[in-house]
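FYI, the numbering just counts along the sequence from 1. Just so you know, these numbers come straight off a predicted model, no measurement behind them.
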Amino acid sequence: TGRGTTGVLSPTATTVVKADFGYWLPSASRSIDFSDELTLRLAGAKVVARPSLNQVSASFVPNTVSMTGSRGNPNLRPFEALQADATLEWYFAPASSITGALFYKKVDSFTVTTVTREFVPGFSERFGPFDISQPQNGEDGTIQGFELAYQQAFRFLPAPFDNLGVQLNYTYVDSKTPLIDSITGERLPLPGLSRDSYTLIGYYEDDTFSLRAAYTYRSKYLNS
């Protein structure tokens, strides 16, 4: 149930919106050990993620300085996805591994943020039209890609350098939706997903101290 108030310059009005939904979420996983060092993991599932509370809020307050405003959408449906992934893990030394993973997700009802110019009753008569941003139920989309990760503890080095280690990971994501960019004519990706991202971590750990330095990068992504 979503409840909120609207109106600033005029008396407020209470809005109540109810939404009910139920899901059957099957899942399965399998681990295959080729040896003590090499493992293949397979998994498939249907998953659901509910929108955040601010996305489903019924409240709306315009900004009369910038002539903008934001509005929640109590009718947002949860994210639904059918997903599958396969991961190959090689543990080649103590606290060290190289892994590679392939993944695919079919996403239903993903959320997109749209901006529309509207005349708001009680406000536009005095201030003019507002640019209103609001989350909306999107169409179906797909996400596919791969991940690579490397981790090694330098136990083979002389003390105290044997407490050093490194972690690296890289993710490539290719996402598609039925939405078309009106300017370029290209198919838009899912909002918030970068095509390329990676993290570099160097660390030192012993019985007394733990020190880490990390750098993370992500490429540009669609916002709205």
Side-chain angles (χ1 to χ4, degrees), residues 21-53 55-56 76-113 135-153 165-181 186-203 205 212 214-224:
F21 29 74
Y23 298 93
W24 173 248
L25 303 176
S27 64
S29 62
R30 177 72 185 273
S31 176
I32 304 173
D33 295 325
F34 298 108
S35 66
D36 292 339
E37 295 81 24
L38 189 63
T39 299
L40 175 65
R41 303 184 190 277
L42 305 173
K46 181 178 181 180
V47 296
V48 169
R50 297 191 62 180
S52 60
L53 289 177
Q55 289 182 310
V56 297
L76 281 183
R77 299 190 302 271
F79 281 83
E80 299 177 59
L82 290 173
Q83 60 184 32
D85 60 81
T87 305
L88 187 63
E89 306 170 350
W90 178 34
Y91 300 93
F92 60 90
S96 304
S97 65
I98 296 176
T99 64
L102 298 174
F103 58 85
Y104 175 84
K105 300 176 184 284
K106 182 181 182 299
V107 184
D108 300 329
S109 306
F110 66 88
T111 301
V112 296
T113 300
Q136 302 283 354
N137 292 311
E139 301 180 55
D140 298 348
T142 59
I143 304 172
Q144 57 190 352
F146 64 87
E147 297 176 323
L148 300 173
Y150 164 70
Q151 173 178 316
Q152 185 163 15
V166 64
Q167 295 175 326
L168 313 173
N169 65 69
Y170 168 77
T171 302
Y172 171 85
V173 177
D174 178 26
S175 64
K176 295 180 180 179
T177 72
L179 303 177
I180 303 298
D181 190 313
E186 296 180 352
R187 181 174 292 186
L188 292 174
L190 267 75
L193 287 183
S194 298
R195 181 179 293 270
D196 300 285
S197 61
Y198 62 82
T199 300
L200 312 176
I201 300 175
Y203 66 87
E205 290 183 351
R212 289 175 178 263
Y215 174 82
T216 299
Y217 166 85
R218 64 180 298 186
S219 60
K220 62 184 181 180
Y221 58 90
L222 176 67
N223 184 40
S224 63

Heavy-atom pair with the smallest gap, counting every atom of [X] and [Y]:
X: Ala86; Y: Leu42; value: CB-CD2, 3.5 Å
X: Tyr23; Y: Pro78; value: OH-CD, 3.4 Å
X: Pro51; Y: Arg77; value: CG-O, 3.8 Å
X: Lys46; Y: Leu82; value: CB-CD2, 3.6 Å
X: Phe79; Y: Val107; value: CD2-CG1, 4.0 Å

ask   = Can you list every salt bridge (charged side-chain N to carboxylate O under 4.0 Å, His left out) pair that touches residues 92-107, not counting sequence neighbours?
value =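 Matches after skipping sequence neighbours: Lys106-Asp108, Lys106-Asp140.
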
In Å, rounded to the nearest 0.5 Å, how long is the span from [atom1] of [X] to [atom2] of [Y]?
X: Asp85; Y: Gln144; atom1: CG; atom2: CD; result: 13.5 Å
X: Arg187; Y: Asp181; atom1: CZ; atom2: CG; result: 13.0 Å
X: Leu40; Y: Thr87; atom1: CG; atom2: OG1; result: 8.0 Å
X: Thr99; Y: Leu148; atom1: OG1; atom2: CG; result: 7.5 Å
X: Tyr215; Y: Thr199; atom1: OH; atom2: OG1; result: 10.0 Å
X: Leu193; Y: Ser219; atom1: CG; atom2: OG; result: 10.0 Å

Restricting to side chain to side chain donor-acceptor pair (under 3.5 Å), what partner residues turn up for [X], sequence neighbours left out?
X: Tyr91; result: Glu89
X: Gln152; result: Tyr150
X: Thr171; result: none
X: Tyr170; result: Asp196

Beyond-backbone contact of [X] with [Y], side-chain heavy atoms, under 4.5 angstrom:
X: Tyr104; Y: Thr142; answer: yes
X: Trp90; Y: Glu37; answer: yes
X: Arg195; Y: Val173; answer: no

request  = Please check if the side chain of Ser175 supplies one atom and the backbone of Leu190 the other of a donor-acceptor pair under 3.5 Å.
outcome  =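 Answer holds: yes.
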
message = I'd like to know if the side chain of Ser194 reaches the main chain of Tyr221, judged simply by a donor and an acceptor atom lying under 3.5 Å from each other, with no hydrogens or angles considered.
response =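 Judged by distance alone, no pair lies under 3.5 Å.
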
Qualifying residues under ring-ring contact (aromatic ring centres under 6.0 Å, His included), relative to Tyr172, sequence neighbours excluded =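 So Tyr172 forms a ring-ring contact (aromatic ring centres under 6.0 Å, His included) with Phe146.
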
